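First the structure, in the form of structure tokens, and then the observations on it.
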There are 2 protein chains.
Amino acid sequence: MSTLPDSLEKLHGEAWCDVHPVHEDAVHAALMGRASDAHLAHLADTFQMLASPTRLRIVEALRRQELCVCDLSAVVGVSQSAVSHHLRQMRQMRIVRWRKDGRMAYYRLDDEHVAQLFGTGLEHVRE
Amino acid sequence: MSTLPDSLEKLHGEAWCDVHPVHEDAVHAALMGRASDAHLAHLADTFQMLASPTRLRIVEALRRQELCVCDLSAVVGVSQSAVSHHLRQMRQMRIVRWRKDGRMAYYRLDDEHVAQLFGTGLEHVRE
DNA sequence: TGAACATATGAGCAGATGTTCAGATATCAA
DNA sequence: TTGATATCTGAACATCTGCTCATATGTTCA
């Protein structure tokens, strides 16, 4: 097998299989300016939060205005418990923010990026 | 329990639980201009393709230029088989395109939307 | 033709995910 | 306080996911 580029050896510690890159220049270029593992893992978790029709309905509903859990349950058409579970995850992944007002909890999108991801994705799908 | 809005009755067929919307106006507003179930399911599947660090590394690598499976395997650091499995899914969900050239298969991002989703997501995560 | 190579694919398994159910917490009103 | 309401949370379950292994397909070259 041919020698792997140094950056690859450093990257993965050792040859992980007998596959070797065919276009070493292209591989080197692709290795430049990579996001950190932590950022990439976080990004994957973020997209995971958008990878469910139920949660996308929640995002869609929150694009216009903030809503309470009960309203979201009605709009999305799943149980209040299920919505609450989803919202906690979405909160943790910074897809939504919330505020408590008495016994109600009002949710809204975390920032403009979330609405933008939803919009861009929908454009892509509708083509 | 209070009566549910007509649009909700139509939407879900019948009262699905004893939860009722607290803000009927807000619920009605949220129900306007919703994407179709088919589009939303497709959108969820699209985000699902971006919900894995391995596949995100593939997208990241393909932002600059097209690469063959072998190169991608090297850049991403997983087996050729795993990359190939991912690429088939990503092809089906229109995240990537491919072209065959001899025994090689070259992959690139399907369109600008994909790069945009990656970029926006990374911005969001890096804040 | 046969060997080497690049990629695709099916089966199978460990781990993650989405929902429901039951019950906890907290607030409001009488 | 008591009861009703709004939300949160843990456990449990069936389903889905991502990887590996083994193998198949198709191409190039000698």
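Predicted model, so just to flag it, every value in this text is computed and none were measured. Per chain, numbering begins at 1; letters A, B, ... match sequence-line order.
- To the nearest 0.5 Å, atom CG of residue B:L40 and atom CZ of residue A:R55 are 12.0 Å apart.
- With both pairing distances under 3.5 Å, D:dA30 is matched to C:dT1 as a Watson-Crick or G-U wobble pair.
- Listed here is the closest heavy atom pair of A:E127 and B:D111: OE1-OD2, 3.4 Å.
- Of the residues in residues 41-65 of chain B, not one places a heavy atom less than 4.0 Å from an atom of DNA chain C.
- Across B:L67 and A:A30, no two heavy atoms sit closer than the pair CD1-CB, 4.0 Å.
- For the residue pair B:R91 / B:Y107, a side-chain donor-acceptor distance below 3.5 Å is found, with atom types taken as modelled.
- In this structure, the CD atom of A:Q80 is 14 Å from the P atom of C:dT19, given to the nearest Å.
- Remark: P of D:dT7 and CG of A:L72 are 9 Å apart, rounded to the nearest angstrom.
- Within residues 83-106 of chain B, the residues that place at least one heavy atom under 4.0 Å from DNA chain C are, in residue-number order, B:S84, B:H85, B:R88, B:R91, B:W98, B:R103, B:M104, B:A105.
- The aromatic rings of A:F47 and B:F47 lie parallel to each other, their planes meeting at an angle below 30°, with 60° marking the opposite boundary.
- Distances shorter than 4.0 Å separate none of the side-chain N or O atoms of B:S81 from OP1 or OP2 on D:dT20.
- Considering only side-chain N and O atoms, A:Y107 lies under 4.0 angstrom from the phosphate OP1 or OP2 of D:dC8.
- Within the 3.5 Å criterion, the main-chain N or O of B:R34 finds no donor-acceptor partner in the side chain of A:E60.
- Between B:H23 and A:Y106, the angle of the ring planes lies from 30° to 60°, which puts this pair in the tilted group.
- At distances below 3.5 Å, at least one donor-acceptor pair connects side-chain atoms of B:S73 with backbone N or O atoms of B:V78.
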